[in-house]
Amino acid sequence: QVRLVESGGGLVQAGGSLRLSCVASGVIVGIASMDWYRQATGKQRELVASITSGGLRKYVDSVKGRFTISRDSDKNTVYLQIDNLQPDDAGVYYCKATDFNSWGQGTQVTVSS
């Protein structure tokens with residue numbers, strides 16, 4: 001069973017940075033494809049960043065140059081570094097193993113302007 005625990009969210013001023021973490025169990029982060037999703041209030045959950053099993057990183061256009069997805073195989077953890085936070089980045093962030101239909105509780109990101 002895949003279990004994902006996200007953390008690292010918080011209240012940040014626009015232009016600030018956050019690093020989100022996702023500790024996984026039941027899936028090996030180092031060889032799995034992993035995703036980060038974002039769900040703003042009243043909107044659908046959207047995929048914002050992915051890292052494939054081969055290490056290829058993909059981002060939605062709105063976050064390119066500001067978001068960086070990475071992973072630490074020793075800690076079985078996936079990270080999302082968010083720089084130059086914008087108000088539209090606010091929402092609950094979730095990580096997911098691409099090939100598994102399991103979700104964590106998410107971590108809330110709030111951006112003050």
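Below, each value reflects all heavy atoms present in this structure, side chains not excepted, and no hydrogens, waters or symmetry copies.
- Not a single side-chain contact (heavy atoms from CB on, under 4.5 Å) links D88 to another residue, sequence neighbours left out.
- Transitive grouping of hydrophobic side chains (ILVMFWY, heavy atoms separated by less than 4.5 Å) keeps V27 and Y94 in distinct clusters.
- At a threshold of 4.5 Å between side-chain heavy atoms, the hydrophobic network of Ile, Leu, Val, Met, Phe, Trp and Tyr places I82 and V111 in one connected group.
- Sorted by first and then second residue, the ring-ring contact (aromatic ring centres under 6.0 Å, His included) pairs with a member in residues 21-59 read Y37-W103; sequence neighbours excluded.
- Side-chain contact check for D72 and T77: no donor-acceptor pair (N or O, by modelled atom type) lies under 3.5 Å.
- The structure places OG of S33 at 10.5 Å from CZ of F100, a figure rounded to the nearest 0.5 Å.
- Among pairs with a residue in residues 39-54, those fulfilling salt bridge (Lys or Arg N to Asp or Glu O under 4.0 Å) read R38-E46, at least two apart in sequence or across chains.
- Contact of the R3 side chain with the S102 side chain is not registered, since no non-hydrogen atoms from C-beta on lie closer than 4.5 Å.
- Every residue meeting the side-chain contact (heavy atoms from CB on, under 4.5 Å) condition with L56, not counting sequence neighbours, appears here in chain and number order: T52, K58.
- One finds the SG atom of C22 at 5.0 Å from the CD atom of E6 (value rounded to the nearest 0.5 Å).
- With sequence neighbours left out, R57 forms a salt bridge (Lys or Arg N to Asp or Glu O under 4.0 Å) with no residue at all.
- Atom CG of residue L18 and atom CZ of residue F67 lie 9.5 Å apart, to the nearest 0.5 angstrom.
- Residues I69 and V60 share a single hydrophobic cluster, defined by chaining ILVMFWY side chains whose heavy atoms lie under 4.5 Å apart.
- A pairwise comparison of heavy atoms in S73 and G30 identifies OG-CA, 3.4 Å as the closest pair.
- Note that CG of D35 is 3.5 Å distant from OG of S50, once rounded to the nearest 0.5 Å.
- Atoms CZ and OG, from R19 and S7 in turn, are 9.0 Å apart once rounded to the nearest 0.5 Å.
- A salt bridge (charged side-chain N to carboxylate O under 4.0 Å, His left out) with R66 is found for one member of D83, D89, D61 and no other, namely D89.
- Contacts of D74 classified as salt bridge (Lys or Arg N to Asp or Glu O under 4.0 Å), with partners at least two apart in sequence or in another chain: none.
- I51 and R71 make their closest contact through CD1-NE, 3.9 Å (heavy atoms, listed as atom of the first residue, atom of the second, distance).
- Residues A90 and A40 come closest through the heavy atom pair O-CB, 3.7 Å.
- Between L4 and M34, the closest heavy-atom pair is CD2-CE, 4.2 Å.
- Hydrophobic clustering (side-chain heavy atoms under 4.5 Å, transitive across Ile, Leu, Val, Met, Phe, Trp, Tyr) keeps L80 apart from L11.
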